[in-house]
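Presented below is the structure to which this report refers.
Keep in mind the model is a prediction, meaning the values are calculated, not measured. Whatever order the structure lists them in is the order used to number ligands and atoms, beginning at 1.
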Amino acid sequence: MNRRDFLLTTGAAVLAPYSMSASAQQVLTAQPVKAQILPAGDPMTQMLGFNGSTPGPTLRTKQGELFDIRFDNQIDQGSAVHWHGLRIENAMDGVPGMTQPMVEPGGAFTYRFRAPDAGTYWYHSHNRSSEQVARGLYGPLIVEETTPPDVDHDLIVMIDDWRLSEDGVLFGDFENLHDQAHSGRLGNFARALVEPETPVKRGDRVRLRLINVATDRIFPVEIAGIDGKIVALDGMPLNAPQDVAELVLAPAQRVDILADIAAEDRISFVFPTRGGPYELGEIPVAGENTTRSPTPIPALPANRTATPDLSDPVRLTLTMEGGAMSQRMRQGLMSEGIWAFNGQSGMTDTPLHRFERGQTAVIRMVNDTRFPHGIHLHGHHFHELDPDGALGALRDTSLINPGQSQDIACVFDNPGKWLMHCHMLGHQAAGMKTWVEVT
Ligand code: C2O
Ligand code: CU
């Protein structure tokens, strides 16, 4: 990326979504909105949003409590809402044509579920998502622990990019084949949106919930001014907190950090680019917390997940193929779909595999392309396996670099039909998707 391509960010006014808490039925309305994406004073942008804002409202629910939400579709395309990372029942997963009917313009659909896992999640449109998410149809979804960690501030940091003209118009052309065959649709303006927008004190302990909500861009992020540890990935607590070394978030990935504020003036979020550091956003620091005494960063309480039985797993390989400069291109197969898994582009009538409920699978995900991919499995979390085969962190989206492979182990214990796709949404639109069934 060329730094020149990026408009400069200067203390932009962050959009102000509000919080809704789950008790009675809530309504989430998709509709056109005008949003201040560019810095305050610059023109606003015509987007899509939920309940009047993009990102949509922060949805909060307590672990295990009933979440009851009616989705009203007031945009001029069919849509549906996917609750990314939640291991909920299949009928609530929000994939039109697979788990529910399309919610047509003017229509509605009621989602009712209990989120089994505490942590940081998000929701987004799951129809024409490379367009609808780029246009703003997403928001954070927080599932609170029964006993949350002791912090002074719980802050959501959504990282996004947009492709905008200088006068703030969002470029269309969401199905651009050149984008799809390369890294997807990359924006020319990026920001970290912090919610709620509130100053913190030096010495405060904070929880930062980073979410990469961009359609296609991988964000490496450097955070200056904190002293903390990573405590969860993709919502799932780590067994032991880890040092914050290099943070890299593929689209849809989340990272939770517990940290003490070490800076006197500001926490900054910086995206290191080839053209130099690009500032995504900041949290102002004012004053000093003199009452909190320093304690080690605790691990978060584990969610209940089944442990993979690695003694005799189902073994599968999922090979990513296609894109620019690929064999698939040289063979002239791109007209059948730019991207493929195991030679197959797009959805098929039969699933990649049918699992019996509770079966463990080890899937070798092989990236035989020139581009990185972030592969997401619906309805489950899986362990990334370390090179020595040991169970690593639980994730719902795994980033695999070109020429690399990653083994994952998953207990397929959630019945239904589940998508598995690249979360670079332009790649997904261009065929990098499949599905599995758990019976
Ligand atoms: Cu977050 Cu199938 O998606
Ligand atoms: Cu991809």
Check: Phe355 ring centroid to His353 ring centroid under 6.0 Å: yes

Fit a plane to each ring of Phe271 and Tyr278, take the angle between them on a 0 to 90° scale, and name the class: parallel (under 30°), tilted (30 to 60°) or perpendicular (over 60°). perpendicular

Any idea which N/O/S atom from His427 gets closest to the Cu ion (ligand 2)? ND1

Ring center gap for Phe412 and Trp418 short of 6.0 angstrom: no

What are the two closest heavy atoms between Ala35 and Met47, and how far apart are they? CB-CG, 4.1 Å

For Tyr123 and Tyr121, I'd like to know if the aromatic rings sit close, meaning centre-to-centre distance below 6.0 Å. no

Quick one: name the protein N/O/S atoms under 2.8 Å from atom 2 (Cu) of ligand 1, chain by chain. His126 NE2, His378 NE2, His421 NE2

Tell me which one of Glu321, Gln327, Arg328 satisfies side-chain contact (heavy atoms from CB on, under 4.5 Å) with Leu333. Arg328

Rounded to the nearest 10°, what angle sits at the Cu ion (ligand 2) between ND1 of His373 and SG of Cys422? 130°

Would you say the ring centers of His380 and His378 fall short of 6.0 Å from each other? no

